[in-house]
Amino acid sequence: LEFSLIKNKTFDTIVFISEPTTRFAPNINDYEFKLLEDLLNVFDEVLIRLHPTEDEYKYDCITSKFPKVNIVIVKAYEEDLLVTLSKSKLTIGLTSMALYTSYILGIDTISYVSNSNITPSIPIPKELIIKNSKEIKSRNFNKKPLNINSVENTFDYVVKCILRNS
């Protein structure tokens with residue numbers, strides 16, 4: 001079974017879920033920037049999904065160092081989250097609820113918390129939480145996402161999963 005809103009889509013994209021800097025975690029950019037740089041060193045194609053409050057140029061200082069990597073930046077208001085996730089073979093970020101959505105849709109998901117004081121507030125299994133970006137290379141990502149072909153069916157499925165997991 002495969003989750004995809006895009007018919008006949010092959011899951012070959014790494015989706016990086018960005019998070020905004022807040023006054024409660026002003027150094028979160030340090031962790032995000034390090035993680036993104038590590039991803040761009042490992043993968044040939046990375047889609048960066050920006051948070052609705054973020055500037056589209058947030059990562060230019062990093063992405064400009066990787067001219068051979070296919071990098072796509074998606075603004076939240078340009079594409080529904082479910083469409084973005086339908087392109088993902090691996091979704092990775094820090095603690096965003098978008099990671100939980102990815103996880104309950106059956107997409108391989110990683111919450112990266114580095115050696116920081118960040119604690120994921122999303123209910124995903126501990127084995128999906130990593131503290132060292134080098135662990136990404138050693139992971140085996142073969143889980144096939146679920147086959148849900150419409151937003152309506154996806155919403156129903158997500159609600160059932162949330163209720164079942166709570």
Side-chain angles (χ1 to χ4, degrees), residues 1-20 32-33 35-60 62-63 66 68-113 120-125 127-130 133 135-166:
L1 296 177
E2 293 181 349
F3 165 74
S4 182
L5 294 175
I6 302 171
K7 201 169 182 104
N8 301 321
K9 171 67 183 147
T10 58
F11 298 94
D12 55 0
T13 304
I14 304 303
V15 173
F16 173 73
I17 302 293
S18 184
E19 293 193 31
E32 270 195 316
F33 283 30
L35 173 59
L36 180 58
E37 195 163 1
D38 289 347
L39 290 174
L40 296 173
N41 275 314
V42 173
F43 298 106
D44 296 332
E45 183 175 336
V46 175
L47 185 152
I48 301 170
R49 168 69 185 215
L50 295 174
H51 186 272
T53 62
E54 291 179 320
D55 184 296
E56 65 185 289
Y57 306 107
K58 176 180 179 179
Y59 296 109
D60 281 359
I62 295 171
T63 58
F66 296 90
K68 294 184 180 179
V69 177
N70 183 14
I71 302 168
V72 176
I73 296 178
V74 174
K75 298 174 213 151
Y77 59 86
E78 290 180 338
E79 182 173 275
D80 186 272
L81 175 63
L82 295 176
V83 173
T84 301
L85 292 176
S86 75
K87 302 170 186 175
S88 182
K89 73 174 176 182
L90 170 64
T91 306
I92 187 164
L94 286 107
T95 63
S96 171
M97 277 304 289
L99 293 175
Y100 183 61
T101 303
S102 175
Y103 166 70
I104 61 176
L105 291 172
I107 300 165
D108 282 319
T109 304
I110 290 179
S111 173
Y112 172 74
V113 295
S121 56
I122 52 175
I124 62 173
E127 62 268 13
L128 301 179
I129 300 168
I130 64 169
S133 59
E135 292 179 54
I136 296 167
K137 294 178 191 176
S138 65
R139 298 289 176 111
N140 186 10
F141 302 109
N142 342 346
K143 190 164 66 170
K144 293 286 185 193
L146 301 168
N147 187 12
I148 303 170
N149 293 314
S150 72
V151 172
E152 294 81 19
N153 288 341
T154 303
F155 179 76
D156 291 344
Y157 178 78
V158 169
V159 169
K160 287 176 187 173
C161 285
I162 291 171
L163 293 174
R164 185 174 58 228
N165 292 330
S166 59

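In this chain, residues are counted from 1 in sequence order. Just so it is clear, the model here is predicted, and its values are computed rather than measured.
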* Shortest non-hydrogen contact from Phe66 to Ile62? -> CD1-O, 3.3 Å
* To do: Decide side chain to side chain contact (heavy atoms under 4.5 Å, CB included) for Phe43 and Val69; before the verdict, give the C-alpha distance in whole Å, the side-chain angles of both, and the deciding distance to 0.1 Å.
  => CA-CA 8 Å; Phe43 298 106; Val69 177; over 6 Å; no
* Ser102 and Asp108: which non-hydrogen atoms are nearest, and at how many Å? -> OG-O, 4.1 Å
* Asked: To the nearest 0.5 Å, what is the distance between CD (Glu79) and CG (Leu85)?
  -> 9.0 Å
* State the CG-CG distance between Asp38 and Asn41, to the nearest 0.5 angstrom. => 6.5 Å
* For the residue pair Ser96 and Glu19, confirm or rule out a side-chain donor-acceptor distance under 3.5 Å. => no
* Asked: Should Leu47 and Val74 count as side-chain neighbours, where that means a heavy-atom distance under 4.5 Å?
  -> yes
* Tell me, do Ile48 and Leu36 make a side-chain contact under 4.5 Å, heavy atoms counted? -> yes
* Just wondering, more than 12 heavy atoms not from Asp44 lying within 6.0 Å of its CG? -> no
* To do: Enter the distance from Ile17:CD1 to Thr95:OG1 here, rounded to the nearest 0.5 Å.
  => 11.5 Å
* What are the two closest heavy atoms between Lys58 and Phe33, and how far apart are they? -> O-CZ, 3.6 Å
* Is the backbone N or O of His51 less than 3.5 Å from a side-chain atom of Thr53, with the two atoms forming a donor-acceptor pair by type? -> no
* Test log, rule salt bridge (Lys or Arg N to Asp or Glu O under 4.0 Å), inputs Arg49 and Glu78 -> CA-CA 10 Å; Arg49 168 69 185 215; Glu78 290 180 338; over 6 Å; no
* To do: Indicate whether any N or O donor in one side chain lies under 3.5 Å from an N or O acceptor in the other, for Tyr103 and Thr91.
  => no
* To do: Evaluate the side-chain proximity of Tyr77 to Pro52: yes if any heavy-atom separation is below 4.5 Å, no if none is.
  => no
* Test side chain to side chain contact (heavy atoms under 4.5 Å, CB included) applied to Leu99 and Ile124, step by step -> CA-CA 9 Å; Leu99 293 175; Ile124 62 173; 5.6 Å; no
* Asked: Do Ser88 and Thr13 have side-chain heavy atoms sitting under 4.5 Å apart?
  -> no
* To do: Give, for atom CD1 of Ile14 and atom CD1 of Ile92, the distance between the pair rounded to the nearest 0.5 Å.
  => 8.0 Å
* Any chance you could measure Thr63, atom OG1, to Ile73, atom CD1, to the nearest 0.5 Å? => 5.0 Å
* No-hydrogen, no-angle side-chain donor-acceptor test under 3.5 Å, Tyr59 and Glu32 -> yes
* Asked: Hey, what do you get for CD1 (Ile130) to CD1 (Ile110), rounding to the nearest 0.5 Å?
  -> 4.5 Å
* Validation row: Ser111, Leu94 side chains within 4.5 angstrom (heavy atoms) -> no
* Asked: Do Leu39 and Val42 come within less than 4.5 Å of each other through their side chains, counting heavy atoms only?
  -> no
